Amino acid sequence: MKLWSQFFIPTLKESPADAEIASHKLLVRAGLVRKLAGGLYTYMPLGLRVIHKLTQMCREELDSAGAIELWMPHVHPVELWQQGPRWAAAREIMFRADSAGDGKRGGREPEWVLGPTHEEIITPLVKAEITSYRDLPKNFYQIATKFRNEIRPRYGLMRAREFIMMDAYSFDATDEGATKSYHAMKRAYEAFFRRIGAQSIAVEADTGVMGGSFSHEFMVPAEVGDDDVIYCEESGYAANREKATSAIVPANWTDAAPGAAVEEFATPGVVTIAALEAAPYSVPGDRQFKTLVFVGDSKLFLVILRGSDELEEAKLGSLGFTVFRPATPEEIEPVMGAKPGSLGAVRGTIKDAPALAGVFADHAIRLVGEGTTGANRDGFHLRNVNVTRDLAITKFGDFRRVRPGEPDVQSGKPLQVRRGIEVGHIFKLGTKYSEKFGAQYTDDQKQTQLMVMGCYGIGISRTMQAIIEQRHDADGIVWPWNSAPFQVLICVLDPQVPEAMALARQLGAAAESAGADVLIDDRAERPGVKFKDADLIGIPLRLTIGGKGLKEGIFELKWRTQKDIAKVPVAEGEARVVAEVNSARQAAAV
RNA sequence: CGGGGUGUAGCUUAGCCUGGUAGAGCGCCUGGUUUGGGACCAGGAGGUCGCAGGUUCGAAUCCUGUCGCCCCGACCA
């Protein structure tokens, strides 16, 4: 039981000027956080209580899924990162940590970095400690601070330079075992997000720089989120836009039979899909082939899309290049024989075809059947280009960005899109890190094998803000029971009246005995101030004790989520409060 | 890193265009009246106008540089 007057909850009437979105404003107004600098926040006492609630529930769910908690350093020797598989990609967002001294200690400082995540630390540790299949599988986790020098921190805790994250790492003897561990974690995540009272959905996701074979993101639906989720209510399909696919090419689709011969025609100055759509050419975008040139591991490769489609660059990750980027016009011309805008992949028209690492075509170009594309000769295009007859395609794949309204693969119903905040991510990593760091074990046949890894993250501090974004109204935060900093707020309107405070303590003790955390507002403030603050900080259950009610022998009971106020006779007070707390706890239990 | 914006008291801000005593509301302190949805009255404290340089008799205001912050983009484990 805490007394407000002896705690510290600095609430604000006005929103800070630098906050843009509701949850960020409320975090500050309700006294949960204060900013030190961009992306760096102090967790104030009330905010820290929420963090503790979330970490405790996270810990419990992971423990019951068999994960084991440990704690790793956050200052890392840079050598470990240089040894790892993603130094080149990760170093840009990593903070360097060296001495702030004036150099008088002499010699060069060793290089240290602050940990953005811990694959590079846990894998060598497990390599050193585990050598037998008998010690596998193992899943280690920690709940700790992470450091990422984000290019653009924003929206308060949503994207911060320093944040609190649960990160877990599983090590299995076999690929099947790793898949099992992955699904166990997925279930633990689902239990966690249900329990904290956040509506979240697991969506298929791209593995990005992490690498690995498959991945799910956990998204809290919110307009201010950074990610687009493509989903189908009918089938339950949900995927990040980077990963999403649709049934735009029907399963029974037959490719167009070759028709008229390929014919070159002059298109002076036409270098865009749109220009070719316009008169006098009037070739619709979905009758054109779009040819994009990339550099993958220092060789050029082509990507062919429908003219009306957009490339989803993340999907090129499936091609297996370690790094890739769009090619420059200077790189393109010597190989293709033309500048961008007149490019195509018709057999025999590419100047130096052997120089290409491949021609990768999106499935949807089959819908074009026979269409128009660049002639690899500046100012000319080719028509009557048949997909099967004329294009020099190495491999078909899924490279286009899905659009809402396209049919879902399973149900055929139109796909929908909504924004979401990514609060968790799970990856089946495979052996990418165990190979690099030599994390091996001996199996029961005396054979040396690589461990198969998974890694898992939950942004705890971001989750706190995501809950607020999802659960607030015009007056303030509306905390779910389990995540609330306190579950019960007792507003004592006349704290100078001894009977009022005595009743507050009595009801508070009853609520505590039933398992609630209790805050008593004993400040010498006017009632209006107390009610406004109560709504702002959003404690689920409010008990109001006033001098007038006390004379009638009643106090008031109100839920933050409801408008109506119940008058409860003091004599029945303890029993009623216990009953309310119990039913709330049951409703919030998973 | 590119584009846009912004920096004035603990917070929200006016003043800047057109240079001439730095103003308000909230909050804070003292006293009084109030007391069920952010009270009222009186008095008071708090600002080298982000920082540095320049122009000028004179700069919060104009110019240059610099730093911080916010938004959009790029990026994003």
Side-chain angles (χ1 to χ4, degrees), chain A residues 10-21 24-25 28-29 31 34-40 81 84-94 115-120 146-156 158-161 163 165 167 169 205-212 215 217 224-227 240 242 313-314 317 325-326 421-422 424-427 429 432-433 455-459 462 474-476 491-497 500 521 523-536 542 544-552 554-556 558 563 565 567:
Chain A
T11 58
L12 299 174
K13 280 188 190 174
E14 285 172 297
S15 295
D18 58 9
E20 188 80 4
I21 64 172
H24 185 191
K25 291 176 181 170
V28 179
R29 285 191 57 209
R34 285 292 183 265
K35 183 166 79 172
L36 172 66
L40 299 173
W81 280 86
R86 55 177 172 162
W87 169 240
R91 62 184 302 179
E92 286 307 315
I93 58 133
M94 290 172 66
T117 168
H118 281 68
E119 284 80 2
E120 277 76 356
K146 293 282 171 284
F147 302 89
R148 297 183 190 180
N149 194 4
E150 292 287 350
I151 300 167
R152 183 148 93 87
R154 63 169 150 178
Y155 295 159
M158 211 69 108
R159 188 183 304 175
R161 289 195 162 101
F163 57 97
M165 175 167 150
D167 49 319
Y169 309 90
D206 185 68
T207 51
V209 180
M210 290 301 305
S215 163
E217 283 172 352
V224 298
D226 273 348
D227 296 272
N240 190 300
E242 294 182 348
E313 214 171 299
R325 59 171 172 82
I421 301 165
E422 181 191 344
H425 206 157
I426 57 179
F427 297 88
L429 277 178
K432 181 174 173 178
Y433 290 84
C455 71
Y456 316 88
I458 292 177
R462 178 186 282 186
D475 296 315
C491 277
V492 184
L493 300 184
D494 304 287
Q496 75 286 358
V497 176
D521 186 353
R523 294 173 300 166
E525 290 286 352
R526 293 164 57 85
V529 173
K530 295 191 172 208
F531 291 138
K532 287 288 184 189
D533 273 347
D535 287 343
L536 179 60
R542 188 181 89 194
T544 306
I545 299 171
K548 287 177 187 169
L550 223 45
K551 280 176 194 153
E552 300 168 32
I554 58 114
F555 65 92
E556 289 167 5
K558 179 185 177 300
K563 275 271 166 269
I565 296 171
K567 295 194 174 186

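What you see below is based on every heavy atom in this structure, not just the backbone, and it leaves out hydrogens, waters and symmetry mates. Chain identifiers are assigned alphabetically (A, B, ...) following the order of the sequence lines, protein sequences preceding nucleic acid strands; residue numbering begins at 1 within each chain. Note that the structure is a prediction, hence the values are computed from the model and not measured.
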> Going 5' to 3' along nucleotides 1-16 of chain B, which nucleotides have protein heavy atoms under 4.0 Å from the base (write B), which only from the sugar-phosphate (write S), and which from neither (write -)?
Replying inline: B---------BSS---
What does [X] touch in the nucleic acid at a heavy-atom separation under 4.0 angstrom: a base, only the sugar-phosphate, or nothing?
X       : value
K35(A)  : sugar-phosphate
G38(A)  : sugar-phosphate
D494(A) : nothing
D533(A) : base
R34(A)  : nothing

> Under a 3.5 Å cut-off on both pairing distances, which runs of 3 or more consecutive Watson-Crick or G-U pairs involve RNA chain B?
Replying inline: B:1-7 with B:67-73, B:10-13 with B:23-26, B:28-33 with B:39-44, B:50-54 with B:62-66
I'd like to check the side-chain hydrogen bond (donor to acceptor under 3.5 Å, both in side chains) partners of [X]; sequence neighbours left out, ordered by chain and number.
X       : value
N240(A) : E217(A), D227(A)
Y169(A) : T117(A), D167(A)
N149(A) : R161(A)
R523(A) : D521(A), D533(A)

> With H425(A), which residues qualify under ring-ring contact (aromatic ring centres under 6.0 Å, His included), at least two apart?
Replying inline: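 ring-ring contact (aromatic ring centres under 6.0 Å, His included) list for H425(A), sorted by chain: F427(A).
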Partners passing side chain to side chain contact (heavy atoms under 4.5 Å, CB included) against [X] (at least two apart in sequence or in another chain):
X       : result
I151(A) : none
I565(A) : E556(A), K558(A)
R152(A) : R154(A)
P527(A) : L493(A), F531(A)

> Does the side chain of R86(A) pick up a donor-acceptor pair with the side chain of Y433(A) at under 3.5 Å?
Replying inline: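 Note: R86(A) and Y433(A) side chains meet the donor-acceptor criterion.
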Interface polar pairs with nucleotides 29-34 of chain B, N/O, under 3.5 angstrom:
unit_1: U34(B); atom_1: O2; unit_2: R526(A); atom_2: NH1; d: 2.7

>> Could you tell me how far apart E150(A) (CD) and G73(B) (P) are, to the nearest whole angstrom?
In response: 15 Å
> In whole angstrom, what separates M158(A)'s CE from C71(B)'s P?
Replying inline: 11 Å
> Should K548(A) be listed as having a side-chain N or O under 4.0 Å from OP1 or OP2 of U35(B)?
Replying inline: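 Checking K548(A) against U35(B): no side-chain N or O falls below 4.0 Å of OP1 or OP2.
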> C72(B) phosphate, OP1 or OP2: any side-chain N/O from Y155(A) under 4.0 angstrom?
Replying inline: yes
>> How close do D494(A) and G546(A) get, counting heavy atoms only, and between which atoms?
In response: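 Taking every non-hydrogen atom into account, OD2-C, 3.6 Å.
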> G36(B) base to R542(A) side chain: any donor-acceptor pair below 3.5 Å?
Replying inline: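 Flag unset: no donor-acceptor pair detected.
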>> Taking donor-acceptor contacts at under 3.5 Å, does the side chain of R154(A) reach the base of C70(B)?
In response: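 Answer no: no donor N or O sits under 3.5 Å from an acceptor.
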